[in-house]
Each structure stands twice: as C-alpha cells, then as structure tokens.
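Reading through the structure tokens given below for one structure.
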Amino acid sequence: MSSQIHPSAIIHPSAELGADVRIDPYVVVGADTKIGDGSFLETHCVIQSNTEIGKNNHIHPHAVIGGEPQHSAYKGETTYTRIGDNNIIRECVTIHRGTVQGVQETVIGSGCMFMAYSHIAHDCKIGDHVILANAVQLAGHVEVGRNVTISGMSAVQQFIRIGEYSFLGGASGYKLDVPPFMLAHGVRGMLFGPNLIGLKRNGFDSADCKALKKAYKIIFRSGLTKEQSLAQVEEEIKGIPHVDRLVSFIRESKNGVVPDHKQRCANGH
C-alpha cells in the first residue's frame with residue numbers, strides 16, 4: 001500500500017519512508033531518518049535527524065524523537081536514535097539521541113509503550129516490552145531490561161541498570177541498580193521481594209518463583225555479606241537459570257543494588 005502523507009507535513013528529502021506509512025498534518029521528519037512500514041505519525045510530532053524507526057510504530061501528537069541530548073559537552077556531533085517495531089509512543093514523550101561521550105546511540109526495543117510525558121535521555125538502552133507510565137524520567141546511560149514496568153512519575157539516575165521482569169512502583173527514585181525479577185517501590189527505591197504477579201503473567205512456573213523467593217531471602221535477609229550470600233545461593237539453588245541471572249546481575253553491579261525495605265528500616269533509614 002502507498003503511504004498517506006498530509007501536504008502540510010515537512011519531510012526532509014533524505015528521509016526514507018517505508019510502505020503504508022501514515023503521516024498526519026504538521027509532522028516534521030528530519031534528515032537521514034528512516035520510518036518503517038506501517039508506522040503512524042500523528043499530528044505535530046517531530047522526528048529529528050539520524051533517527052531510525054522500525055515497523056508499525058504509533059507516535060502520538062507532540063512527541064519529539066531523536067532530539068539533541070541534554071548534555072553540556074554535546075557539540076552537534078552525529079549520533080543516533082534507533083527504535084524497534086510495534087511501539088506506542090504517547091503524547092509529549094521525548095527520546096534523545098546518544099553522545100560521543102557515551103555509546104553514540106539511544107536504542108529502544110520492540111513492543112514497548114511509553115506513556116505521556118515520559119522521557120528517555122541520551123545513550124539509554126531499553127529492552128523489548130517495556131512500559132514507562134506517565135512522566136517517568138530516565139537519565140542518561142540508563143539500561144532497562146525486557147518486560148520491565150516503571151510506574152508513573154518515577155525517576156532513574158544516570159548509569160543505573162533496571163533488570164528484566166522487574167516492576168517499579170510510582171513516584172519512586174532510583175540511584176542504585178534494581179535486580180531482575182524484583183518488585184521495588186518507595187521515595188528512595190527499596191525492594192519488596194520478587195515480582196511474583198508479573199513473573200506468573202510472563203509464564204514463570206512455580207519452581208522458578210519459589211527458587212527466586214528463596215534466593216531473595218538468602219541475599220537480602222540472611223545478614224550475610226554480599227559474597228557470602230551469593231555463594232550460599234549458588235550452593236543451595238542449582239539448575240535454575242533465573243537464579244543464576246539474579247546472582248550474576250548483583251555480582252556485576254558497579255553501582256550497588258537497591259536494598260530490601262526491611263534492611264533499610266532496620267538501619268533507621
């Protein structure tokens with residue numbers, strides 16, 4: 001099918017449009033961009049230069065995709081924004097391209113939903129099937145694993161990692177890594193155990209959930225040091241890939257991980 005482009009839209013001559021693309025009035029598509037088949041750009045959205053958007057994406061009014069990074073060292077270098085397929089990007093979402101100080105690109109997976117006024121800063125890497133609720137703010141260099149949900153008005157500090165299948169509650173702040181498969185909440189983000197409802201919805205069986213619960217108690221509530229607790233998990237819970245992933249994520253964390261809420265209460269914080 002041929003594309004439908006409103007005559008008031010401004011499309012740079014170097015932009016590449018796929019088949020069956022719909023572009024509404026007053027849309028702006030910048031230089032060296034690629035818009036995949038079946039994508040729909042609603043009125044007044046802006047796609048800045050060096051942005052690649054895959055198939056069947058729906059971008060709502062006043063979203064700005066591929067804008068210049070809010071980075072004091074940025075001097076107009078050529079950097080990129082790359083977005084996968086089947087994403088829903090709602091009103092006034094902002095996604096900034098990478099920096100040469102980072103990895104030079106901001107990368108978004110497929111099947112995501114970014115609700116109104118959410119922000120993804122430069123050099124972020126977002127996995128598949130991620131949901132950012134209204135006004136979620138991700139600073140630069142944040143990594144978010146697949147199937148993560150971050151609730152409204154939460155903020156994530158730069159260079160933080162959010163592990164896959166985790167759920168972050170609303171109006172929360174995160175300056176430490178959130179391990180995969182976990183439920184976190186609080187003004188200063190804290191852990192409340194595995195994200196059991198989310199895990200079951202995503203096909204995790206009871207054996208996986210029980211193993212993650214046991215691992216969580218050992219790591220966060222046993223009173224052991226980090227290395228002691230991780231070693232105990234490796235000794236007692238074998239053959240569960242999700243537990244192995246949890247252990248490796250914590251061990252690899254450069255920022256440290258969010259504490260258990262009972263630990264924080266016990267420490268008077």
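Being a predicted model, the structure only gives us computed values, none of them experimental.
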### Query
Where do K125 and E105 land on the salt bridge (Lys or Arg N to Asp or Glu O under 4.0 Å) test, with the steps shown first?
CA-CA 9 Å; K125 183 177 182 181; E105 61 181 9; over 6 Å; no
Spell out, as yes or no, whether a donor-acceptor pair under 3.5 Å connects the side chain of [X] to the backbone of [Y].
{"X": "N134", "Y": "G152", "result": "no"}
{"X": "D37", "Y": "A19", "result": "yes"}
{"X": "D177", "Y": "R161", "result": "yes"}
{"X": "S3", "Y": "I5", "result": "no"}
{"X": "S118", "Y": "A116", "result": "no"}
{"X": "T106", "Y": "R82", "result": "no"}
{"X": "T51", "Y": "Q48", "result": "yes"}
{"X": "Q70", "Y": "E68", "result": "no"}

#### Entry: Salt-bridge criterion met for R22 and E42 (N-O under 4.0 Å)
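Salt bridge: no.
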#### Entry: R97/E77 ion pair, N-O < 4.0 Å
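Salt bridge flag = no for E77 with R97.
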### Pair D32-S49, side chain to side chain donor-acceptor pair (under 3.5 Å): steps then yes or no
CA-CA 6 Å; D32 301 311; S49 60; over 6 Å; no
### Side-chain donor-acceptor pair present, H119, T94, cut-off under 3.5 Å
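On atom types as modelled, these side chains qualify, holding a pair under 3.5 Å.
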### Task
Have a look at C45 and tell me which of D24, V64, V28, V27 forms a side-chain contact (heavy atoms from CB on, under 4.5 Å) with it.
V27
Return the orientation label for the [X] and [Y] ring planes: parallel under 30°, perpendicular over 60°, tilted otherwise.
{"X": "H185", "Y": "F192", "value": "tilted"}
{"X": "H141", "Y": "H122", "value": "perpendicular"}
{"X": "Y165", "Y": "F204", "value": "perpendicular"}

Considering residues, nucleotides and ligands other than [X], do more than 12 of their heavy atoms fall under 6.0 Å from its [atom1]?
{"X": "F40", "atom1": "CZ", "answer": "yes"}
{"X": "Y117", "atom1": "OH", "answer": "no"}
{"X": "E227", "atom1": "CD", "answer": "yes"}
{"X": "R201", "atom1": "CZ", "answer": "no"}

### Task
Please report the C-alpha distance between N202 and N147 in whole Å, then the side-chain angles of each, then the deciding distance to 0.1 Å, and finally whether the side chain to side chain donor-acceptor pair (under 3.5 Å) criterion is met.
CA-CA 9 Å; N202 282 285; N147 293 87; 3.1 Å; yes
### Task
Please lay out, stage by stage, how D123 and T99 fare under the test side chain to side chain donor-acceptor pair (under 3.5 Å).
CA-CA 7 Å; D123 301 292; T99 64; 2.7 Å; yes
